[in-house]
Amino acid sequence: MSKKLTGNGRWESSRMMLPEHREVLEEWSHPGSLETKNAQVPTREELEMIRDAVLLPVLLTMIEKNGKEITLSVNPLRKLYVAATLALMNRVHSELAAVNRELRNRKIKIFKDDREDTDLHFRYICRGYEDRFSIMRDVARASISMKIGQHIQNISADLNKKV
């Protein structure tokens, strides 16, 4: 076939082929491609939920570790810090539960990739669309710091409402 006939649309349009036959031909030539076409790419909101589902357990672990350190300290304000830590843990845990529930409702699954380097690697499946993502440790730390700040603001706002 001449180069003039390929890619210009004339040659392709002059052939008679039903859409069903075209799909079967594409499936034979590229297995799995139709599944990928029918799969829905996650939205920005869903990607943020995936990120939160990955980072919130790390945040809970950090808060729990700091809470244990505070419990063992001799600081006179230890009881206040422990109460604040428990309130923060409860909020983060309820946010994590809500994120996981929403991911389950949207048929999104997350799997941890086992790679030995400085980044966090995960794989997700979103309604048939499969992809991988990585979070650099510095970005994870910054996101976690922002989350802690948001939760502390919410806790202090709730306390101000009660007073």
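The shown structure was predicted, so the numbers you read here are calculated from the model rather than taken from an experiment.
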*What's the spacing between H93 NE2 and L56 CG if we round to 0.5 Å?*
11.0 Å

*Linking Ile, Leu, Val, Met, Phe, Trp and Tyr through side-chain heavy atoms less than 4.5 Å apart, which residues share a cluster with V74?*
none

*ILVMFWY network linking L120 to F111, side-chain heavy atoms under 4.5 angstrom*: no

*Identify the two heavy atoms, one from E46 and one from C126, that lie closest to each other, and give their separation to 0.1 Å.*
OE1-SG, 3.9 Å

*4.5 Å side-chain heavy-atom contact, P57 and L96*: yes

*Does any non-hydrogen side-chain atom of I50 lie less than 4.5 Å from one of I108?*
yes

*Apply side chain to side chain donor-acceptor pair (under 3.5 Å) to R137 and list each qualifying residue two or more places apart in sequence or on a separate chain.*
none

*Any side-chain heavy-atom pair of T85 and N66 under 4.5 Å*: no

*Separation between CZ of R104 and CD of E102, rounded to the nearest 0.5 Å*: 10.0 Å

*Can you name the closest pair of heavy atoms from R78 and T71 and give their distance?*
CD-O, 3.3 Å

_Exercise: identify the closest heavy-atom pair between I125 and E130_ = CG1-CG, 3.9 Å

*Residue pairs passing the ring-ring contact (aromatic ring centres under 6.0 Å, His included) test where at least one lies in residues 131-152, sequence neighbours excluded*: F122-F133, Y124-F133

*Is it true that L47 and V139 fall in one hydrophobic cluster, defined by side-chain heavy atoms closer than 4.5 Å?*
yes

*Nearest heavy-atom neighbours spanning A53 and I110*: CB-CD1, 3.7 Å

*Would you give the length of the straight line joining atom CD of E95 to atom CG of N100, rounded to the nearest 0.5 angstrom?*
10.5 Å

*Quick one: name the residues clustered hydrophobically with L77, using the 4.5 Å side-chain heavy-atom rule over I, L, V, M, F, W, Y, and just say none if it's on its own.*
I70, Y81, V82, L86

_Pairs touching residues 51-62 that satisfy salt bridge (Lys or Arg N to Asp or Glu O under 4.0 Å), sequence neighbours left out_ = D52-K147

*Can you hop from M62 to M89 via hydrophobic side chains spaced under 4.5 Å?*
yes

*With sequence neighbours left out, what residues match R132 under side chain to side chain donor-acceptor pair (under 3.5 Å)?*
D113

*Cluster check L103, V41: I/L/V/M/F/W/Y, side chain < 4.5 angstrom*: yes

*To the nearest 0.5 Å, tell me how far S73 OG sits from K68 NZ.*
15.0 Å

*Could you tell me whether the side chain of K112 reaches within less than 4.5 Å of the side chain of R123, counting heavy atoms only?*
no

_Derivation and outcome, side chain to side chain contact (heavy atoms under 4.5 Å, CB included), residues I135 and D119_ = CA-CA 6 Å; I135 302 175; D119 299 340; over 6 Å; no

*asked:* Check for me, please, whether I152 and I144 land in the same ILVMFWY cluster - side-chain distances under 4.5 Å, paths through other members count.
replied: yes

